[in-house]
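Predicted, not measured: the structure shown is a model, and the values here were computed from it.
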Amino acid sequence: MKSEIINMTCSWLSLGIPWIAPLKDSVESIQSLYDQVLFEKLAFVLSNQDSDFNDWLKISEKFDEDNKAYSKMVKQLIYYINAMNETDLLFAFSNLLRAYKCGLICKNDFFRMGFCLTKLLAEDAKYLADNIGKDKIEENIYCISLSNNSLMYNKSRGFSEGEDDAEKEFYGFTEMGKMLDKYALNYGNEERYSYGEPDAALSEQKLTYNQNRSNTWSEF
């Protein structure tokens with residue numbers, strides 16, 4: 001593990017967990033504590049960032065003008081990282097953090113999608129990534145789980161398009177589901193996505209429900 005990653009990890013932990021500060025110069029002491037797993041999670045995420053990430057974060061959070069803004073951001077990152085218990089999701093969060101640094105998503109969307117990752121199962125995330133190109137998926141356990149996390153939604157809302165579908169519910173992916181795949185689960189996959197101008201903020205997303213074949217309406 002690179003020394004700068006270790007130092008940065010200890011520094012961040014001392015902000016989120018003040019009583020660790022006296023031990024920050026001793027990696028052995030840190031790793032002997034019950035929060036060893038948190039240390040490893042944080043080090044994993046930081047090791048997947050650009051080399052100038054720490055300097056960028058200080059500037060972006062107005063570190064020189066307001067130390068509280070930087071401290072608040074670091075603590076929030078620690079809370080999110082600590083809530084994730086699967087390597088695949090930590091890797092996705094690392095990607096999301098890089099996308100935020102690159103200015104591809106706004107801060108509010110970063111936090112919204114980051115919080116989503118803390119509640120998501122890696123199995124459900126894989127289902128999303130494997131099926132993101134589909135517009136109409138018959139209800140299943142993955143749809144229900146992903147919809148509970150605002151990544152899919154019931155497109156039919158109880159309105160069938162024909163007799164064969166009278167008792168079926170169909171789901172589609174929300175804009176957040178699509179953005180989560182683009183900037184977290186499959187970030188950097190240029191065979192699937194292009195990364196030019198930032199996407200519109202999630203607050204502008206719209207959902208379309210199919211009442212019947214000839215009548216549709218949209219709502220936020």
Task: Side-chain touch L120/L128, heavy atoms, less than 4.5 angstrom - done: no

Task: CD1 on I105 to CZ on R112, rounded to 0.5 Å - done: 12.0 Å

Open item on the list: Is it true that N154 and S156 share a donor-acceptor pair across their side chains at a distance under 3.5 Å?
Closed with: yes

Open item on the list: Which heavy atom of C106 sits nearest to which heavy atom of A201, and what is that distance?
Closed with: SG-CB, 4.5 Å

- [ ] Say whether L46 and I59 are linked into one hydrophobic cluster, either directly or through other cluster members, by side-chain heavy-atom distances under 4.5 angstrom.
- [x] no

TODO: Locate the shortest heavy-atom distance separating G196 from L104; write the atom from each residue and the value.
DONE: O-CD2, 3.8 Å

Open item on the list: Less than 4.5 Å apart, side chain to side chain, heavy atoms only: is that true for L202 and M113?
Closed with: yes

Open item on the list: Count I, L, V, M, F, W, Y as connected when their side-chain heavy atoms are under 4.5 Å apart, and connections chain through other members. Are F53 and Y80 then in the same cluster?
Closed with: yes

TODO: Verify the cluster assignment for L121 and M176: are they in a single hydrophobic cluster under the rule of side-chain heavy atoms below 4.5 Å apart?
DONE: no

Open item on the list: If you apply the rule side-chain contact (heavy atoms from CB on, under 4.5 Å), what do you find for L185 with D88, and how did you get there?
Closed with: CA-CA 8 Å; L185 305 179; D88 290 345; over 6 Å; no

Task: Considering all heavy atoms, the nearest D109-A200 contact - done: OD2-O, 4.3 Å

Task: More than 12 heavy atoms of other groups within 6.0 Å of E86 CD - done: yes

Task: Minimum side-chain heavy-atom gap F170-E139 below 4.5 Å - done: no

Open item on the list: Around atom NZ of K119, are there more than 12 heavy atoms from other residues, nucleotides or ligands closer than 6.0 Å?
Closed with: yes

Open item on the list: Has D52 got a side-chain atom pairing as donor or acceptor with D55's backbone, closer than 3.5 angstrom?
Closed with: no

Open item on the list: Within the 4.5 Å heavy-atom criterion, are N148 and I144 side-chain neighbours or not?
Closed with: yes

Task: Heavy-atom closest pair, residues L96 and G114 - done: CD2-N, 3.5 Å

Open item on the list: So, taking the atom named CG in N95 and the one named CG in L90, what distance separates them when rounded to the nearest 0.5 Å?
Closed with: 11.0 Å

- [ ] Could you grab the distance from atom CE of M179 to atom CG of L151, nearest 0.5 Å is fine?
- [x] 12.0 Å

Task: Over-ring placement of K182 relative to Y195, 6.0 Å and 45° cut-offs - done: yes

TODO: Test side-chain contact (heavy atoms from CB on, under 4.5 Å) on Y171 and L146 and set out the steps.
DONE: CA-CA 10 Å; Y171 286 71; L146 291 169; over 6 Å; no

TODO: Report yes if the side chains of V45 and L77 come closer than 4.5 Å at any heavy-atom pair, otherwise no.
DONE: no

Open item on the list: Let me confirm one number: the CG-CD distance from L57 to Q49, rounded to the nearest 0.5 Å.
Closed with: 10.0 Å

- [ ] Before accepting this row, confirm whether a basic side-chain N of the pair D199/K178 lies closer than 4.0 Å to the acidic partner's carboxylate O.
- [x] no

Task: Pairing of D135 and K155 as salt bridge, 4.0 angstrom limit - done: yes

- [ ] Just say parallel, tilted or perpendicular for the rings of Y100 and F110, cut-offs at 30° and 60°.
- [x] parallel

Task: Parallel, tilted or perpendicular: ring planes of Y142 versus Y127, cut at 30 and 60 degrees - done: parallel

Open item on the list: Let me confirm one number: the CG-CD distance from N186 to E191, rounded to the nearest 0.5 Å.
Closed with: 10.5 Å

- [ ] Applying side-chain contact (heavy atoms from CB on, under 4.5 Å) between D181 and each of Y193, Y187, F173, report the one that passes.
- [x] Y193

Open item on the list: M152 and side-chain contact (heavy atoms from CB on, under 4.5 Å): which single residue from T174, I137, N131 fits?
Closed with: I137

- [ ] Would you indicate whether the side-chain heavy atoms of K107 and E61 approach each other to under 4.5 Å?
- [x] yes

Task: Single-linkage hydrophobic cluster F91~F93, side-chain heavy atoms < 4.5 angstrom - done: yes

- [ ] Show your reasoning for whether side-chain contact (heavy atoms from CB on, under 4.5 Å) applies to N82 and Y79.
- [x] CA-CA 5 Å; N82 190 41; Y79 299 152; 5.9 Å; no

Task: Approximate separation, where rounding is to 0.5 Å, of I81 CD1 and K41 NZ - done: 9.5 Å

